[in-house]
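Before any comments, here is the structure.
Values below: all heavy atoms of this structure, side chains included; hydrogens, waters and symmetry mates excluded. Naming convention: chains lettered A, B, ... in sequence-line order (proteins, then strands); numbering from 1 in each chain.
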Amino acid sequence: MTAQSIQRVKGRAVPLGGDDIDTDRIIPARFLLCTTFAGLGEHAFEDDRKAPGHPFSDPRYAGAKVLITGRNFGCGSSREHAPQALKRRGIAAVIGESFAEIFLDNATSCGIACVCLPRELIEKLIGDVRQDPRAELTVDLAARAVGHRRRNYPLAMDESVRQRLLDGTWDVLAVLQEARDRTDALAARLPYLAFRRAGAPR
Amino acid sequence: MGMNLLAKVWDLHRVRDLPSGATQLFIGLHLIHEVTSPQAFEELRERGLHVVRPERTFAVIDHVVPTDGVRRPLADPLAEEMFTAIEDNTAAGGIAFFGPGCGSQGVIHVAAPELGVTQPGMTIACGDSHTSTHGALGAVAFGIGTSQVRDVLATQCLAARRPKVRRIVLTGERGPWVAAKDVILHVIRTLGVKGGVGFAYELAGPVVERMEIEERLTLCNMGIEGGARVTYCNPDEKTFAFLEGRPYAPGRDDFPAAVAWWRTMASDPGATFDDEVVLDVGNLGPMVTWGITPGQAIGIDEAVPLPSSFHGPERAQAEEAQAFMGVTPGTPLAGAKVNVVFIGSCTNGRMSDLRLAARVARCGRVAPGVRALVVPGSERVAAQAEAEGLPDIFRAAGFQWRLPGCSMCLAMNPDRLQAGELCVATSNRNFKGRQGHPEGRTVLASPAMAAAAALAGEIVDVRTMVGADA
Ligand code: SF4
């Protein structure tokens, strides 16, 4: 199964802001009592959303495809439930100052593009979006730029992540499967796979 | 030029470089639990794939198990569904599963090292961010998400980005009651909660060399709280002695060869690193957190920092955290009223942690109105604690002695905070809402500090409460 190439994401944005937003806030642990990701979308930011004026409960930002946040987004737990919840809420790209590493991997595995802009630009974009929630942003991976109101800002992102999104291997399983023989050969060379536990047959 | 441990392990497990630039990395040990694996197995079924190396995967149930008795079906139908899913998935896949009552069940990061499954030189992955814990034995271990769990089940490989390595040399003589927990909180507050992003942390130096393996497990457990997905200590004689005789460690015939190989998997003298930091812990006292990230920590005799002492975005963050926690900047945390105490988790749920807590518990009784839970990290820990009489000490002092599991570390089982409660916890995250109620508040501390808070009914310096050498 090959995934789809993701060249660019175009849509309205939700100006979340904030630093060190952890995965417990994106999807609180009580919603991890499940065996499928379906239905997680409605619980994204469930507790934070209760605060008055939270962007995720503000109708002006309903239907946004791009989330704008600060630094170290998605820190904390490894739960893929976090990007899965965002994806099911329609988020296809996240613009942040930086991302926690496990979140970056998980978001990429879900086909969500995580891209970085400098802090001043993020603050400017958040201000612009608040003023005009209907203006669309373009996160262009091929051109390495975020476009907004006819201006383009160069984005930064991990190159291997960019390549995976562009060439449609963000779901990387099929690629990993290609190297079956090399994987077996490597395993045969690993000293520790040959160690026998006490009482194990030789 | 010498090589560091990460470079050696990485090179040994590199299957190939992928077109994207990432490494296809072989995973020597895969650990799974009930929260992040069911969707991965479901995808395997949908794609008609199977588990390629079931003998390299080990499974537990830890997050959702009740700690006051495991009766099937579990009272929470969703928890029961997850329980059944991991039982069925591991049985169908031929994977070893350690469930309640088997004698070895526990929080995955407690159970795997004590079974001897975790060994030096391995690559280890688990759908859990605290997989960094296993680095304490000299492995390269990191947390992954559910799609990656699926990738490992189906191929025993991951697409991985190689981190840089920062060596953190810990020097100085630890003071009385200064635990591994205090040391790692100090590292995180110094280097920041995102200081380790892009890095693996090698924890080294005399402080680490003098630590027992269980203390190193506590250190590496919290590396991820500093942003470092991989954290490790070099294997040494203590590591080898820790592993000898464990059920899944190399047996007597192979043990000498294993030790000989493990010795080669440490960082070489003169190895190069991308960054190096020296931190002295000589003046460190017991630590407590005052905010909502593990980096918002102070020594028990320091004052909660003034927001004006922070720059840029950190100032607003400090203000938000202090308002949420209800703490007063400029004053110490000591004296803050405590409602709940939680001793346990993959950070501090091992024998040495319970022994320290018990030493404090002997000195008094849990203050009226305080709910104090002691949750051993595994059934093996529980059995050993019983052999040493610890449950009786805790119960006599008014603590509840529970069954093993994650419990109130993230409250996916019935152990939860109520609105507004303040909990002193030995776990690793003080995030908003982490302990089961959006308005529950968490102060992270060592087992001794947590036990002392239970007795005092407020946050207190264990050194003054029980004396420096009790
Ligand atoms: S004890 Fe806490 S941190 Fe550790 S695995 Fe369980 S929930 Fe995660």
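In summary, B:D254 and A:R196 do not engage in a salt bridge, as defined by a charged side-chain N under 4.0 Å from a carboxylate O. Taking 4.0 Å as the cut-off between side-chain N and carboxylate O, B:R162 and A:E101 do not count as a salt-bridged pair. A salt bridge links A:D105 and B:R161; the closest N-O separation between the charged side-chain nitrogens and carboxylate oxygens is under 4.0 Å.
For a residue to count as touching a neighbouring chain, one of its non-hydrogen atoms must lie under 4.5 Å from one of that chain's; by this rule A:L193 touches chain B with the side chain only. Only the backbone of B:L158 comes within less than 4.5 Å of a heavy atom of chain A; no side-chain atom from C-beta onward does. Both the backbone and the side chain of A:R182 have a heavy atom closer than 4.5 Å to some heavy atom of chain B. Both the backbone and the side chain of B:R434 have a heavy atom closer than 4.5 Å to some heavy atom of chain A. Residue contact with chain B, scored on non-hydrogen atoms closer than 4.5 Å, involves the backbone and the side chain of A:Q177 alike. With a threshold of 4.5 angstrom between heavy atoms, A:L176 approaches chain B through its backbone and through its side chain. For B:T84, no part lies near chain A; criterion is any non-hydrogen pair under 4.5 Å. In this structure, the portion of A:L190 lying under 4.5 Å from any heavy atom of chain B is its side chain and not its backbone. Proximity to chain B is absent for every atom of A:T23, based on heavy atoms less than 4.5 angstrom apart. In this structure, the portions of B:L12 lying under 4.5 Å from any heavy atom of chain A include both its backbone and its side chain. Contacts between B:A79 and chain A at a heavy-atom distance below 4.5 Å involve backbone atoms as well as side-chain atoms. Both the backbone and the side chain of B:Q39 come within contact range of chain A, each with at least one heavy atom under 4.5 Å from a heavy atom of that chain. Proximity to chain B (any heavy atom under 4.5 Å) is restricted, for A:R180, to the side chain, taken from C-beta onward. Heavy-atom distances place no part of B:H63 under 4.5 Å from chain A, backbone and side chain included. Proximity to chain A involves both the backbone and the side chain of B:V193, based on heavy atoms less than 4.5 angstrom apart. Contacts of B:F83 with chain A are absent, with no heavy-atom separation under 4.5 Å from either backbone or side chain. Contacts between B:N428 and chain A at a heavy-atom distance below 4.5 Å are absent for every atom of the residue. With a threshold of 4.5 angstrom between heavy atoms, B:V149 does not approach chain A through any atom at all. Within the 4.5 angstrom heavy-atom criterion, atoms from both the backbone and the side chain of B:L410 approach chain A. Neither the backbone nor the side chain of A:D181 comes within contact range of chain B, judged by heavy atoms closer than 4.5 Å. Contact of B:R14 with chain A is made through the backbone alone, with heavy-atom distances under 4.5 Å. B:E314 touches chain A through its side chain: at least one heavy atom from C-beta onward sits under 4.5 Å away, while N, CA, C and O do not.
For the pair A:R197 and B:Y248, the cation-pi criterion (under 6.0 Å, within 45° of the ring axis) is fulfilled.
Inspection of the A:Q7 and A:S5 side chains reveals an N or O donor paired with an N or O acceptor under 3.5 Å. Between A:N152 and A:R144, the side chains place no donor N or O within less than 3.5 Å of an acceptor N or O (distance only, hydrogens not considered). Side chains of B:S407 and B:D415: a donor-acceptor N/O pair is present below 3.5 angstrom, by distance only. B:Q24 and B:D17 share no donor-acceptor pair across their side chains, judged by distance under 3.5 Å alone. No hydrogens or angles considered: a donor-acceptor pair under 3.5 Å links the side chains of A:S160 and A:D158.
In terms of heavy-atom pairs under 4.5 angstrom with chain A, the leader among B:R252, B:R16, B:E34 is B:R16. Each of B:K194, B:M412, B:R229 has some count of heavy-atom pairs under 4.5 Å with chain A, and the biggest count is that of B:R229. Heavy-atom pairs under 4.5 Å with chain A peak, among B:G143, B:G121, B:G21, at B:G143. Counting heavy-atom pairs under 4.5 Å between each of B:T131, B:L29, B:V35, B:T36 and chain A puts B:V35 at the top. Annotation: maximal heavy-atom pairing with chain B below 4.5 Å, among A:S98, A:A100, A:C34, occurs at A:C34. For the options B:E43, B:R150, B:Q156, heavy-atom pairs under 4.5 Å to chain A are most numerous at B:R150. Counting heavy-atom pairs under 4.5 Å between each of B:L49, B:V64, B:L18, B:I224 and chain A puts B:L49 at the top. With respect to chain B, the highest number of heavy-atom pairs below 4.5 Å among A:R164, A:R79, A:R71 belongs to A:R71. With chain B as partner, the option from A:L32, A:D22, A:D19 having the largest number of non-hydrogen pairs under 4.5 angstrom is A:D22. Comparing A:E46, A:Q163, A:R162 by how many heavy-atom pairs each has under 4.5 Å with chain B, the most go to A:Q163. Counting heavy-atom pairs closer than 4.5 Å to chain B, the top-ranked of the candidates A:D24, A:I102, A:D47 is A:I102.
Taking the six-membered ring for Trp and the full ring otherwise, A:F37 and A:H81 have centroids separated by under 6.0 Å. A:H148 and A:Y153 have their aromatic ring centers separated by at least 6.0 angstrom.
The aromatic rings of B:H130 and B:H109 sit perpendicular, their planes meeting at an angle over 60°, well past the 30° parallel limit. The aromatic rings of B:H13 and B:F26 sit parallel to each other, their planes meeting at less than 30°, with 60° as the upper class boundary. Aromatic ring orientation, A:F103 versus A:F99: parallel (interplanar angle below 30°, classes split at 30° and 60°).
For residues 107-131 of chain A, the interface with chain B (any heavy-atom pair closer than 4.5 Å) comprises A:S109, A:R119, sorted by residue number.
Heavy-atom minimum distance, A:F195 versus B:A258: CZ-CA, 3.4 Å. Minimum heavy-atom separation, B:A318 to B:Q296: CA-NE2, 4.1 Å. Of all heavy-atom pairs spanning B:M222 and B:I188, the tightest one is O-CD1, 3.5 Å.
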* May I have the step-by-step check of salt bridge (charged side-chain N to carboxylate O under 4.0 Å, His left out) for A:R189 and A:D184, ending in yes or no? => CA-CA 9 Å; A:R189 290 195 304 271; A:D184 289 345; over 6 Å; no

* To do: Carefully, step by step, assess B:E439 and B:R416 under the rule salt bridge (charged side-chain N to carboxylate O under 4.0 Å, His left out).
  => CA-CA 11 Å; B:E439 287 151 37; B:R416 296 177 184 197; over 6 Å; no

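A distance-only check finds no donor-acceptor pair linking the side chain of A:W170 to the backbone of A:I6 [under 3.5 Å]. Put simply, the side chain of A:R12 never gets that close to the backbone of A:E136: no donor and acceptor are under 3.5 Å apart.
Remark: B:M82 CE to B:L74 CG distance equals 10.5 Å, nearest 0.5 Å.
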